[in-house]
Amino acid sequence: MRLPEQDQEQEQDKMEERESFFQKPIMTRILLGIIAVLFICILVLLLVMFVQSRQKPQDLQQNITDYAKQQENLEQTLEEEPQKEQTVEQGKPLETQIELTEDEEEDLKEELASVDDEKTAVVVDIEDESDEAYTKEFILKEAYPYFEANNQDAIWDLAHLKRYVKLSKGLEGTDDFYYQGDVDSEGKPNGTGLAIYEKNSYYFGQWSHGVRSGQGTWFRFYINQKNKTNAMGTYMSHSYSGVWANNLPNGQGAEHYDVDISTLTSTSRIIQNVVGNFKDGLYDGEMYANTVDYIGNVQEWDGIATEGVFALWRDMSAIGECAVWRYRDDHSICMDIDKSENQQQGIRELLK
């Protein structure tokens, strides 16, 4: 005979079993629902990715097609426009030649004046020689900020413009120059200023009562010039930066050539830089030089000169040559010049 208390416990156990039985399907359904939702999300995501992957090549192809059409239209437009005379120097940017209104020219002047460190300057050549831009006043004012900032890319671009070349050519055969900058009480250059000379030459730096004195930089550009002076077109420009006195390099300075190595032969090397002391434009003291060959290899050399005459590293008089530069890495290797040329060694273009 069961006790009432035992009957109650058995009845409670049966109820718990029934509750557990009914809860299991609910949890299972919930879990299955969650899994189904996740599975649908994954399918939707994969479908979106698949559609995008199918569209991207088409979009890219369409972009390329549109770009090609734009380029073709641009080329047709350029072919229809009248061709203008242009000069291109190897390794340098092409001068832009466009027609501008007065307002556009004024905006461009302000833009040019604000650009100091750009790798390539924006310059505009003027076809109409009666234009104000051909005047020396306009050119000096335009060029001054670039020389002041030593923006050599801009200086190169400007110096190769037709109007700059023409202005310099007008001074050919004279010792005159056009100047903008500080002056003394007699109107002579004194302080800091820019001068334009013949033969596409320029000087920017310090002056003292009409002569170049103090720190300054001189440039000369070989524009459409191939002769002995610039080694048959190998040199594209020539410059000196350093101390000046009595209108000539006097003191520590550096001479530099822009070299077109494509004109060199496989057996030649050419001087690109000379650094040291100068006296009246001549090498004077211990000098350092580097050379470049036809593939751009650079070598360093030492020399000793006294007022433009080199001391010789070895006796070459028997064959009429002078060993004037000695290779830094191997002193047995020297650069020789003709014995008759061992005089007035320096920046000869500045010597009169």
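When a residue number appears, it is its place in the shown sequence, counting from 1. What you see is a predicted model, and the numbers here were worked out from it, not measured in a lab. Hydrogens, waters and symmetry mates play no part in the numbers below; they use all other heavy atoms, side chains included.
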Point to revise | Contact check, side chains of Ile223 and His160, non-hydrogen atoms, under 4.5 Å | key: yes
Review point. Strictly by modelled atom types, are Glu349 and Tyr240 linked by a side-chain donor-acceptor pair under 3.5 Å?
Key: no
**Study point:** Hydrophobic cluster identity match, Val259 and Val274, side-chain contacts under 4.5 Å
**Key:** no
**Study point:** Carboxylate-amine/guanidinium contact Arg328 Asp302, below 4.0 Å
**Key:** yes
Review point. If you take all heavy atoms of Leu312 and Cys322, which pair is closest and at what distance?
Key: CD2-CB, 3.4 Å
Review point. Distance-only, no hydrogens or angles: does the Asn246 side chain make a donor-acceptor pair with backbone N or O of Leu248 under 3.5 Å?
Key: no
Review point. Would a distance-only check, ignoring hydrogens and angles, find a side-chain to backbone donor-acceptor pair under 3.5 Å from Gln180 to Leu194?
Key: no
Exercise for review: Specify the closest pair of heavy atoms between Gln215 and Tyr203, including all atoms of both residues, with the distance to one decimal.
Suggested key: O-OH, 3.8 Å
Check your understanding: Can you name the nearest heavy-atom pair linking Trp207 to Ala195, along with the distance?
Key -> CZ2-CB, 3.6 Å
Exercise for review: Evaluate the side chain to side chain contact (heavy atoms under 4.5 Å, CB included) criterion for residues Ile196 and Lys136: first the C-alpha distance (whole Å), next the side-chain angles of each, then the deciding distance (0.1 Å), finally the verdict.
Suggested key: CA-CA 9 Å; Ile196 299 177; Lys136 62 180 181 293; over 6 Å; no
Check your understanding: Would you say Thr217's side chain and Ser241's backbone share a donor-acceptor pair under 3.5 angstrom?
Key -> no
Practice item. Output yes when a side-chain donor or acceptor of Asn273 lies under 3.5 Å from a complementary backbone atom of His256, and no otherwise. Key: no
Practice item. Consider only side-chain heavy atoms of I, L, V, M, F, W and Y, link residues closer than 4.5 Å, and tell whether Ile347 and Trp325 are in one cluster. Key: yes
Point to revise | Asn250 (side chain) donor-acceptor with Asp280 (main chain) under 3.5 angstrom | key: yes
Study note, to complete from the structure: Nearest heavy-atom approach of Trp218 to Arg220 is CZ2-CB, 3.6 Å
Practice item. Among Tyr164, Phe147, Tyr257, find the residue that satisfies the ring pair (Phe, Tyr, Trp, His ring centres under 6.0 Å) test when tested with Phe219. Key: Phe147
Practice item. Hey, can you tell me if Phe278 and Tyr283 have their rings parallel, tilted or perpendicular (30° and 60° cut-offs)? Key: perpendicular
Practice item. Report yes if some heavy atom in the side chain of Asp336 is under 4.5 Å from a heavy atom in the side chain of Arg314; otherwise report no. Key: yes
Review point. Distance-only, no hydrogens or angles: does the Trp313 side chain make a donor-acceptor pair with backbone N or O of Val324 under 3.5 Å?
Key: yes
**Study point:** Nearest atoms (heavy-atom pairs only) where Phe138 meets Glu132
**Key:** CB-O, 3.4 Å
Check your understanding: With hydrophobic residues grouped by side-chain heavy-atom distances under 4.5 Å, do Met335 and Tyr288 end up in a single group?
Key -> no
Practice item. Look only at the side chain of Ser201 and the backbone of Lys199, and say whether a donor-acceptor pair between them is shorter than 3.5 Å. Key: yes
Review point. For atom CD of Glu286, is the number of surrounding heavy atoms from other residues, nucleotides or ligands below 6.0 Å larger than 12?
Key: no
Check your understanding: In terms of the angle between their ring planes, are Tyr197 and Phe177 parallel, tilted or perpendicular, with boundaries placed at 30° and 60°?
Key -> tilted
Check your understanding: If you take all heavy atoms of Thr174 and Leu171, which pair is closest and at what distance?
Key -> OG1-O, 2.6 Å
Exercise for review: Consider only side-chain heavy atoms of I, L, V, M, F, W and Y, link residues closer than 4.5 Å, and tell whether Ile270 and Tyr222 are in one cluster.
Suggested key: yes
